[in-house]
Number of protein chains: 2
Amino acid sequence: MASEANKSCLVQKLSHYAELDEEAIGHLERLEREERSYDEQQDIYLGGDRRDDLHVVKKGWLYSYTDLPDGRRQIVRLHHPGDIVGFEGIAFHHATTSVRAAEPVVLCPFPKSGLDVVFESSPKLTALLFTLAVREQVIFVDLIRAMGRMSARERLAYLFLNLLAKLRITNTDMTDTCRLPLTQTEIGDVLGLSNVYVSKTISRLENDGFISRKDGNVTVLREDDLANFCDFYDRYSDMDVSWFPQS
Amino acid sequence: MASEANKSCLVQKLSHYAELDEEAIGHLERLEREERSYDEQQDIYLGGDRRDDLHVVKKGWLYSYTDLPDGRRQIVRLHHPGDIVGFEGIAFHHATTSVRAAEPVVLCPFPKSGLDVVFESSPKLTALLFTLAVREQVIFVDLIRAMGRMSARERLAYLFLNLLAKLRITNTDMTDTCRLPLTQTEIGDVLGLSNVYVSKTISRLENDGFISRKDGNVTVLREDDLANFCDFYDRYSDMDVSWFPQS
DNA sequence: GGCCTGCGTTAACACAGATTAAGCCCCAGA
DNA sequence: TCTGGGGCTTAATCTGTGTTAACGCAGGCC
């Protein structure tokens with residue numbers, strides 16, 4: 001199934017950080033045996049659901065979100081091809097967030113127990129997954145910093161730069177443009193802003209020549225200036241994998 | 001060193017989630033062999049430092065924080081006895097945040113390689129550390145939700161409830177009161193608020209009978225109401241450890 | 001072809017929380 | 001004993017962002 005030409009995103013992503021042997025790759029490919037499609041705006045599962053399986057994203061964007069009782073919503077994570085969705089299921093019986101497709105998506109569901117095999121037979125893969133979990137924490141910390149102490153302009157700059165950095169890992173040919181299949185309301189829910197203010201602020205960023213927009217795509221025009229402006233660090237290309245066990 | 005009477009906080013904390021055998025306990029105790037004291041407001045290390053060791057907190061509160069170039073500050077994590085500080089060091093060569101003592105503290109430094117032994121020899125402990133890393137993510141998500149979509153009142157309610165829930169794990173005799181060795185400026189830096197508004201908001205919570213204060217201690221008077229008010233979930237007492245390997 | 005619905009834009013107005021500043025208290029150090 | 005600094009409180013003022021609403025546009029559907 002995964003010829004060189006059509007390599008799994010998951011394998012591609014993990015290979016970016018460590019050389020994987022045949023066996024490890026086999027484990028990963030088994031996680032993507034099954035496929036399932038979802039429509040735009042369809043919920044994959046809801047917070048509170050009893051969860052038994054995780055998903056590898058094969059195609060499309062999704063997001064994890066939580067609602068407050070009165071309807072306010074916060075999107076807490078964006079998921080892209082190659083990501084594993086629902087990892088928190090490892091620590092809790094019930095889902096802590098809901099997950100929704102931002103556009104039509106294809107997912108590969110696999111049972112929690114699929115990970116047991118990995119943990120037992122591949123120390124290297126275990127170390128890698130562990131490292132990715134820790135990195136995820138660091139990315140959350142960056143977001144907390146942005147939401148706690150940055151203006152709307154800075155937060156949007158941060159979002160765009162972070163998206164570019166993340167997507168570049170699996171799309172090695174990507175330059176400074178990316179698709180943005182999110183409404184401005186959704187962007188606001190990521191950054192803790194209102195849809196109206198997102199609109200106004202993006203327009204200002206565009207007028208000031210930091211970015212440009214064209215049919216659903218965003219281009220970052222002055223990446224260094226933007227990075228400087230919101231004190232951005234790329235957490236995706238600078239990981240320590242030196243301590244990983246061999247096998 | 002760790003008699004029943006004077007059990008290590010780390011062992012106590014981890015034992016709360018899984019039964020640990022002699023060998024595992026031995027591993028953990030080796031992490032706490034060395035001790036070092038720090039003064040109030042002393043930095044343990046700074047963001048950007050090359051890091052080779054982690055610390056177990058033995059006594060006192062600390063926090064991780066980052067500064068923006070212009071001096072704004074965000075505190076991203078509070079550390080208490082039994083916590084392991086610097087876990088992110090596993091994924092990055094350089095510290096991504098600074099760590100400071102909120103009061104006089106005692107830490108047990110140990111080298112990164114101290115964890116290798118754990119990973120190699122105790123699958124159960126590995127699974128537990130993994131689970132704790134994932135739980136940490138969930139707690140970050142809760143904080144992001146609070147900072148993105150909640151009012152100052154709600155955020156403070158969240159902070160107090162979360163502190164209680166966390167401290168109850170290691171202080172089984174704790175009821176509804178806890179010490180709060182943080183200035184209001186520091187609390188503001190945790191929640192993304194100004195010190196002045198923290199003062200005003202805490203006073204209002206007190207006037208409204210939700211909490212009371214007495215020489216550096218906070219008492220939560222109507223815990224259920226508060227939990228309801230900020231839609232709080234206790235992430236500390238509800239983890240799934242059923243899948244852990246035996247040994 | 002006409003209608004509906006959802007998204008983005010713009011503008012007017014409202015408000016939560018930031019900022020600045022002053023006063024008080026406590027405590028450490030001279 | 002005095003002094004200075006840090007933390008907390010309170011008040012006045014300011015501002016960034018939210019809210020509401022109206023409009024235009026595009027796409028899907030009958």
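Quantities reported herein were computed from a predicted structural model and do not represent experimental measurements. Note: hydrogens, waters and symmetry copies are ignored here, and every other heavy atom, side chains too, is used.
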Whole-Å gap separating [atom2] ([N]) and [atom1] ([X]):
X	N	atom1	atom2	result
A/L180	C/dC7	CG	P	14 Å
B/N195	C/dA18	CG	C1'	10 Å
B/I187	C/dG17	CD1	P	16 Å
B/R204	C/dG17	CZ	C1'	11 Å
A/E186	C/dG6	CD	C1'	12 Å
A/R72	C/dA16	CZ	P	12 Å
B/L193	C/dT19	CG	P	11 Å
A/Y197	C/dA14	OH	C1'	15 Å

Which part of the nucleic acid, if any, lies within reach of [X] when heavy atoms closer than 4.0 Å are counted: base, sugar-phosphate only, or nothing?
X	answer
B/R213	sugar-phosphate
A/V198	nothing
A/R149	nothing
A/G192	sugar-phosphate
B/S151	sugar-phosphate

Do [Y] and [X] meet the salt-bridge criterion of a basic N to acidic O distance under 4.0 Å?
X	Y	value
A/D176	A/R222	no
A/E223	A/R168	yes
A/D67	A/R72	no
B/E103	B/R179	yes
B/E136	B/R77	yes

Checklist entry - 5'-most contact on DNA chain D: B/S203 or B/Q41, nearest heavy atom basis? => result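 Nearer the 5' end of the strand: B/Q41.
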Checklist entry - Roughly how far, to the nearest 0.5 Å, is CG of A/L156 from SG of A/C230? => result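 Answer rounded to 0.5 Å: 10.0 Å.
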Checklist entry - Taking only N and O in the side chain of B/S194, is any of them less than 4.0 Å away from OP1 or OP2 of C/dG17? => result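 Negative; the distance criterion is not met.
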Next on the checklist: Closest approach to the side chain of A/Q184, judged atom by atom: which nucleotide of C/dG8, C/dG17, C/dA21 is it?
Outcome noted: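 Closest nucleotide among those given: C/dG8.
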Checklist entry - Can you tell which of A/D83, A/L78, A/I44 makes a side chain to side chain contact (heavy atoms under 4.5 Å, CB included) with A/L62? => result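 Testing each of A/D83, A/L78, A/I44 against A/L62, the sole residue satisfying side chain to side chain contact (heavy atoms under 4.5 Å, CB included) is A/I44.
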Item to check | Outermost DNA chain D nucleotides near chain B [under 4.0 Å, heavy atoms] | outcome: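 Using the under 4.0 Å cut-off, the span is D/dG7 to D/dA11.
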